[in-house]
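Take a look at the structure below.
If you read the sequence from its start, that first residue is 1, and numbering goes on from there.
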Amino acid sequence: MARRPLPRILSTGSAQITRSRELARAQFARSRELARTAGDSASDVLHPLITITRGLRRLASAGRRKWADTPKDKRGPLLFLVASVILVVALVPYGPLLAVISLMAAAAWQGRDRKTSTPEGPDESQTERLRALYEALVPYFSAAEDPAPLYTHGGEWEKAFPEFDFDGTGRVSSLLIRYPAYFTDGEAESRARIEHLLTAKSGRGREYHFAWDEEGNELAVTVLAALPTDIAAQRFVTTPGETVLGFTDPTHVQRTLPLTHGAEQRDVPPVVWRTGIRSTEPHLLVMGEPGSGTSTLLRSIALQALQHGDVVIVEGGSTGEYACLIGRDGVLAVECGLSGALASVEWAATETERRLIAVNRARQAGNPPPDDTKRPLWILLDRPTAFTHLAAADHRKDPQSLLQVPLRHGRAVGVTVVVAEQWDAMDALSEAVRQHTRARVVLGPATAEQLRTVLGAPPHTTPVADVPPGRGYARLGTGPVHRIQVPATPDPYDDATSDAHRQAVLDLLPERTTPVEAEALPKLEKPEQQPEPVPAEAVVAETS
């Protein structure tokens, strides 16, 4: 069956409707353009009046604020002074006219547009810096087989750097770099070459954060601000089982802590280390050079641990860094000699075994763990490898060999081990310490290879050579690498310590329960262990 054509009147009517709609849209657009032009012309004509009106409004607001800030006992003399000025102006020939002219001039000055015009785009020196960065990246981001290369010598750097910013000194503060998809951004060596080049060309002495977007083929470079070094030791708002190792950048941590700095209060993002039964990183290893702040970090941890637990300190350097803790409530021992260190670590291992047996018996009986196994026990060792040579020369045990039990089973019974060592003795650390300390902190200057060896992953920032004490990197287990600044916790008996920091540490020390002269190491004897009862299974007699 043939299709019948539509009536002519319908097709003609639809065409007319469409044409009328187009004419209406054109008229509406023309009228809107005329209205915009008329508005712009009116604003140009009335611009002086608008400026004077805005200035009068600002002068009136300033007068109201001045009147509100004036004390009530001085408002009468102020009114008398204003009335006298008005009377004098009214009596002077041409006074009112001059007053009106002066008022209009002041209003025009106050109502002017105060927006400073900023030049669009970089200036000549900034353009030269960006062009130099572009030319330096050409050998790394170009290939001979690329038909349309993004990076070529003398090419357009605007396409490669869509976003950029400069600081007050004219150096790059942030930069977004686009690179071709064939660049091997998944290889650590390739990334390291680009990061080293950008650090050298953008300005040394600063820390840069590199964010690689492998899906979008973009690299965001940001200059990091210096971490605060004036935060003293204090009581942090944490729960039992949380220890503040230091403070980091606000962009990488979603939590902040309220801190007190003199009369000022601030919120700073912390690096919180969680210990206890459910912790995935129950033990800590701290590495650094002499004077990098490793002892400061151990003192900070000890002051926080004494709020809810007991502490045993073994110092291999014999420098008296922990003399302020001797005889304090909760400090079981502070040892600097080989004999005391062996006795303390052996007692800690025995105490760990005792807690394990007590908890196991309570669980077999269906009871909660005993109270004497719930109080946390902290074992802090500062430079334990110093006793390794002494023990070998004296044919005695190495204190590190006694840490096997606390490191392997301490988490289940609230025993935490913290080891601080220097780079030159890193090879002397035992295998147990290397294997079971999953929380790591590196303080002071360190090379990229050292950071990768200790932390297990390279940081996303460029380490600098000159850093303040207590400055470094931290990584908890398999988490990200954070920049860290340890709170200032110096030895209060050191003469070089400032009065503010000394008093801050002294305020945190527990009360002294044992005189220093009369303090003696408690008798650390291994308790007599009873054999654990073996549950007997019922035997079913067989009937013949």
Side-chain angles (χ1 to χ4, degrees), residues 281-290 292 294-295 297-299 301-302 305 310-323 325-326 331-356 377-443 450 453-454 520-527 529:
E281 303 87 18
H283 309 294
L284 176 68
L285 175 62
V286 184
M287 298 296 300
E289 293 184 351
S292 59
T294 55
S295 300
L297 178 56
L298 260 64
R299 268 192 301 270
I301 293 175
D310 300 326
V311 175
V312 175
I313 300 176
V314 176
E315 182 187 0
S318 301
T319 56
E321 293 283 346
Y322 308 93
L325 296 171
I326 297 178
V331 181
L332 303 182
V334 178
E335 296 296 339
C336 301
L338 177 59
S339 300
L342 283 172
S344 298
V345 179
E346 185 176 4
W347 175 86
T350 305
E351 174 66 13
T352 304
E353 294 176 353
R354 184 196 68 81
R355 292 189 178 196
L356 287 171
L377 175 61
W378 292 73
I379 308 173
L380 309 182
L381 300 98
D382 192 352
R383 297 189 63 191
T385 57
F387 297 113
T388 302
H389 302 289
L390 296 177
D394 201 15
H395 302 286
R396 305 176 70 175
K397 290 183 178 180
D398 185 3
Q400 293 188 77
S401 63
L402 302 174
L403 294 174
Q404 183 80 16
V405 174
L407 286 171
R408 292 188 62 182
H409 307 287
R411 179 182 64 176
V413 290
V415 179
T416 304
V417 179
V418 180
V419 179
E421 194 49 76
Q422 298 180 2
W423 289 113
D424 54 358
M426 181 178 177
D427 296 336
L429 290 174
S430 64
E431 185 63 27
V433 173
R434 295 169 179 267
Q435 183 178 358
H436 296 287
T437 52
R438 290 173 49 83
R440 303 291 180 88
V441 176
V442 176
L443 299 179
Q450 290 175 333
T453 302
V454 176
L521 183 68
K523 190 175 182 181
L524 304 177
E525 296 181 353
K526 188 173 182 179
Q529 300 181 4

Donor on one side chain, acceptor on other, [X] and [Y], under 3.5 Å:
{"X": "Glu315", "Y": "Thr319", "value": "yes"}
{"X": "Ser339", "Y": "Arg396", "value": "yes"}
{"X": "Thr385", "Y": "Gln400", "value": "no"}

Between [Y] and [X], is there a side-chain heavy-atom distance shorter than 4.5 Å?
{"X": "Ile379", "Y": "Pro406", "result": "yes"}
{"X": "Leu285", "Y": "His283", "result": "no"}
{"X": "Trp347", "Y": "Thr352", "result": "no"}
{"X": "Cys336", "Y": "Tyr322", "result": "no"}
{"X": "Val415", "Y": "Trp378", "result": "no"}
{"X": "Leu342", "Y": "Leu402", "result": "yes"}
{"X": "Leu284", "Y": "Ile301", "result": "yes"}
{"X": "Val433", "Y": "Leu403", "result": "yes"}

If every non-hydrogen atom of [X] is compared with every non-hydrogen atom of [Y], which pair is closest and at what distance?
{"X": "Pro399", "Y": "Val345", "answer": "O-CG1, 3.5 Å"}
{"X": "Ser344", "Y": "Glu335", "answer": "OG-CG, 3.2 Å"}
{"X": "Ala420", "Y": "Pro384", "answer": "O-CD, 3.6 Å"}
{"X": "Arg411", "Y": "Pro282", "answer": "CB-CB, 3.8 Å"}
{"X": "Leu325", "Y": "Ala302", "answer": "CD1-CB, 4.1 Å"}

Task: Salt bridge Arg299-Glu321, side-chain N to carboxylate O under 4.0 Å - done: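 Salt bridge flag = yes for Glu321 with Arg299.
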
What is the distance from atom [atom1] of [X] to atom [atom2] of [Y], rounded to the nearest 0.5 Å?
{"X": "Ile313", "Y": "Asp382", "atom1": "CD1", "atom2": "CG", "value": "9.5 Å"}
{"X": "Gln404", "Y": "Ser430", "atom1": "CD", "atom2": "OG", "value": "7.5 Å"}
{"X": "Arg434", "Y": "His436", "atom1": "CZ", "atom2": "NE2", "value": "13.0 Å"}
{"X": "Thr416", "Y": "Glu281", "atom1": "OG1", "atom2": "CD", "value": "12.0 Å"}
{"X": "Asp310", "Y": "Leu332", "atom1": "CG", "atom2": "CG", "value": "4.5 Å"}
{"X": "Thr388", "Y": "Asp398", "atom1": "OG1", "atom2": "CG", "value": "3.5 Å"}

TODO: Would you sort out whether Glu421 and Met287 count as a side-chain contact (heavy atoms from CB on, under 4.5 Å), showing the intermediate values?
DONE: CA-CA 5 Å; Glu421 194 49 76; Met287 298 296 300; 3.9 Å; yes

Task: Residue pair Val331, Ile326: steps toward the side-chain contact (heavy atoms from CB on, under 4.5 Å) verdict - done: CA-CA 7 Å; Val331 181; Ile326 297 178; over 6 Å; no

TODO: Just do the side-chain contact (heavy atoms from CB on, under 4.5 Å) check on Val314 and Leu380 with the steps written out, would you?
DONE: CA-CA 6 Å; Val314 176; Leu380 309 182; over 6 Å; no

